[in-house]
Amino acid sequence: MEIHQVGIIGCGQMGSGIAQVVAFHGYQAIVIEATEDLCQRGIRGIHQRLDKLEQKGSISGDQNAAIKNRLRASTDLSQLSACDLVIDAIIENREAKLHLWKSLDPILKRDAILASNTSSLSITEMMMATSRPARFLGLHFFNPVPVMTLVEIVRTIATSPEVIQTAADFVGRLGKTPVFTSDRAGFIVNRILIPYLLDSIRILENGTGTISDIDRAMKLGCSHPMGPFALADFIGLDTTAAIAEILFEEFREPRFAPPGLLKRLVTAGRLGRKSGKGFYDYSDPASPKPMDESGRI
Ligand code: 3HC
């Protein structure tokens, strides 16, 4: 099966990144957002990133214009009726996703491939909200999407091999590398990454190290591009806590339970970079200050 037109629902951090990469690699991309304002904001963000690529000389002016031409936004789900592949990148909320897939089922063409970019919710449950389980799978991109080269391809008990192959070819055409995983909470990356982030918070809480020292240790000791606190802030502390809850619910192992400090930060609205404060204070983005410098955790 050939993919020409791709629908992306949700134009936030992940959805806009996916739309950018899809249009960049020659596909027609339609993004769906809840309001006109959100459509415009999403498209504006993508245009700004494309303009930066042009300024850096990574793409020509003509290429920039052609990519922008392949991108459009709408608030109307019925605009997805001609899409060969539809990717959900809406909020990580089970009810919202199930509702979305129920609404999309009568709209999408019968041989479309249906994919969710969920980081940890059950693909099997979403596929059961549609009338075509064999055509449903997970396509899990990583943040920032234009930079990160991995996509997890999540198969369920029902996904057809043809759909998995078509998805793998598509991922390759986006210049990314697929890995294949079964539908278990967290798939491969978050199943390993989230307990690592939670352990970092636990050793901060028990006084083993400071935020700066733990981050420095993992950057310099393991060559990670970011330490665990910078990374948790980058992912979003609400997202990190929500994935932890889903992992804990599925596996019932204490290592997946979100630590008290993480829950308190989320309750206090300190969600990481996106809210300006998390484990670090981003008032001066060029030089974020760790919260334990103040002695109050
Ligand atoms: N969108 C597009 N491009 C971006 C970007 C963004 N949001 N942020 C950075 N970039 C690009 C820059 O333009 C730059 O490109 P260039 O080399 O062509 O000039 C390149 O990335 C490097 O950026 P910077 O020099 O500004 O900064 P760094 O060298 O510090 O890199 C980083 C930034 C790429 C974010 C790097 O720190 C990194 O790789 N961090 C780890 C990210 C990570 O682990 N992501 C996975 C999170 S887990 C996840 O997504 C799963 C989910 O389910 C939770």
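Residues take their numbers from the sequence shown, with the count starting at 1. This is a predicted model, so every value here is computed, not measured. Any value given below was found using the heavy atoms of this structure, including those in side chains, with hydrogens, waters and symmetry copies removed. Counting starts at 1 for both ligands and their atoms, following the listed order.
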Atom 44 (O) of ligand 1: the protein heavy-atom neighbour that sits closest, reported with distance to 0.1 Å: Leu231 CD1, 3.5 Å
Going by an N to O cut-off under 4.0 Å, is there a salt bridge joining Asp233 and Lys277? no
In short, Val163 meets Ala134 closest at the heavy-atom pair CG2-O, 3.6 Å
Of all protein heavy atoms, the one nearest atom 2 (C) of ligand 1 is Pro146 CG, 3.8 Å
Reported CZ-to-CZ distance for the pair Arg110 and Arg135, which is rounded to 0.5 angstrom: 9.5 Å
pair Val179-Ile153: side-chain heavy atoms closer than 4.5 Å: no
Which bit of His224 gets closer than 4.0 Å to ligand 1, counting heavy atoms only: side chain, backbone, both or neither? neither
Heavy-atom pair with the smallest gap, counting every atom of Ala244 and Leu198: CB-CD1, 3.9 Å
Val22 and Leu174: which non-hydrogen atoms are nearest, and at how many Å? CA-CD2, 3.9 Å
Ligand 1 atoms in contact with Phe142 (distance to a heavy atom under 4.0 Å): 49 (C), 50 (O), 51 (C)
With a cut-off of 4.0 Å, which atoms of ligand 1 are near a heavy atom of Met226? 37 (O), 40 (N), 41 (C)
Is the shortest heavy-atom distance from the side chain of Phe136 to the side chain of Ile113 under 4.5 Å? no
In this structure, atom 54 (C) of ligand 1 is nearest to the protein heavy atom Ile235 CG2, 3.6 Å
Can a protein heavy atom be found under 4.0 Å away from atom 30 (O) of ligand 1? no
Is there a heavy atom in Gln13 that sits closer than 4.0 Å to ligand 1? no
Between Arg70 (side chain only) and Ala23 (backbone N and O only), is there a donor and an acceptor less than 3.5 Å apart? yes
Distance below 4.0 Å between atom 41 (C) of ligand 1 and any protein heavy atom? yes
Asn143: numbered ligand 1 atoms lying under 4.0 Å from its heavy atoms: 42 (C), 43 (C), 45 (N), 46 (C), 47 (C), 50 (O)
For atom 46 (C) of ligand 1, is some protein heavy-atom partner under 4.0 Å away? yes
Can you tell me if Lys52 contacts ligand 1 (heavy atom of the residue under 4.0 Å from the ligand)? no
Heavy-atom nearest pair, Pro133 first then Ala158, reads CB-CB, 3.8 Å
Quick check on contacts: which atoms of ligand 1 are under 4.0 angstrom from a heavy atom of Val147? 3 (N), 4 (C), 10 (N), 11 (C), 21 (O), 34 (C)
Minimum-distance pair of heavy atoms, taken over all atoms of Leu121 and Met126: CB-CE, 4.0 Å
Might you check, step by step, whether the distance between atom 6 (C) of ligand 1 and some protein heavy atom is under 4.0 Å? yes
Any non-hydrogen protein atom below 4.0 Å of atom 17 (O) of ligand 1? no
Of all the non-hydrogen atoms in the protein, which one sits nearest to atom 36 (C) of ligand 1, and at what distance? Pro225 CB, 4.1 Å
Find all atoms of ligand 1 within a distance of less than 4.0 Å from any non-hydrogen atom belonging to Lys56, and give their numbers and elements. 13 (O), 15 (O), 16 (P), 18 (O), 19 (O)
Which of the ligand 1 atoms, numbered from 1, are nearer than 4.0 Å to a heavy atom of His140: 51 (C), 52 (C), 53 (O)
Side-chain contact test, heavy atoms from C-beta onward, threshold under 4.5 Å: evaluate it for Pro290 versus Thr210 and give yes or no. no
With a 4.0 Å cut-off on heavy atoms, is Thr239 in contact with ligand 1? no
Any nitrogen or oxygen of Arg49, side chain or backbone, less than 3.5 Å from one on ligand 1? no
Give the contacting part of Asn190 toward ligand 1: side chain, backbone, both or neither, where contact means a heavy-atom distance below 4.0 Å. side chain
Short check: is a protein heavy atom less than 4.0 Å from atom 13 (O) of ligand 1? yes
Could you establish whether Leu193 and ligand 1 come within less than 4.0 Å of each other, counting only heavy atoms on the residue side? yes
Could you check whether Glu125 pairs with Arg94 (Lys NZ or Arg NE/NH1/NH2 to Asp/Glu carboxylate O, under 4.0 Å)? yes
Of all protein heavy atoms, the one nearest atom 8 (N) of ligand 1 is Pro144 CG, 3.9 Å
Rounded distance [0.5 Å steps], OG in Ser16 versus NE2 in His47: 11.5 Å
Kindly state whether the ring of Phe229 and the ring of Phe279 have centres lying under 6.0 angstrom apart. yes
Kindly indicate whether atom 23 (O) of ligand 1 is approached by any protein heavy atom to under 4.0 angstrom. no
Salt-bridged, Asp238 to Lys263, with N to O below 4.0 Å? no
Atom 26 (O) of ligand 1 protein-contacted (non-hydrogen atom, under 4.0 angstrom): no
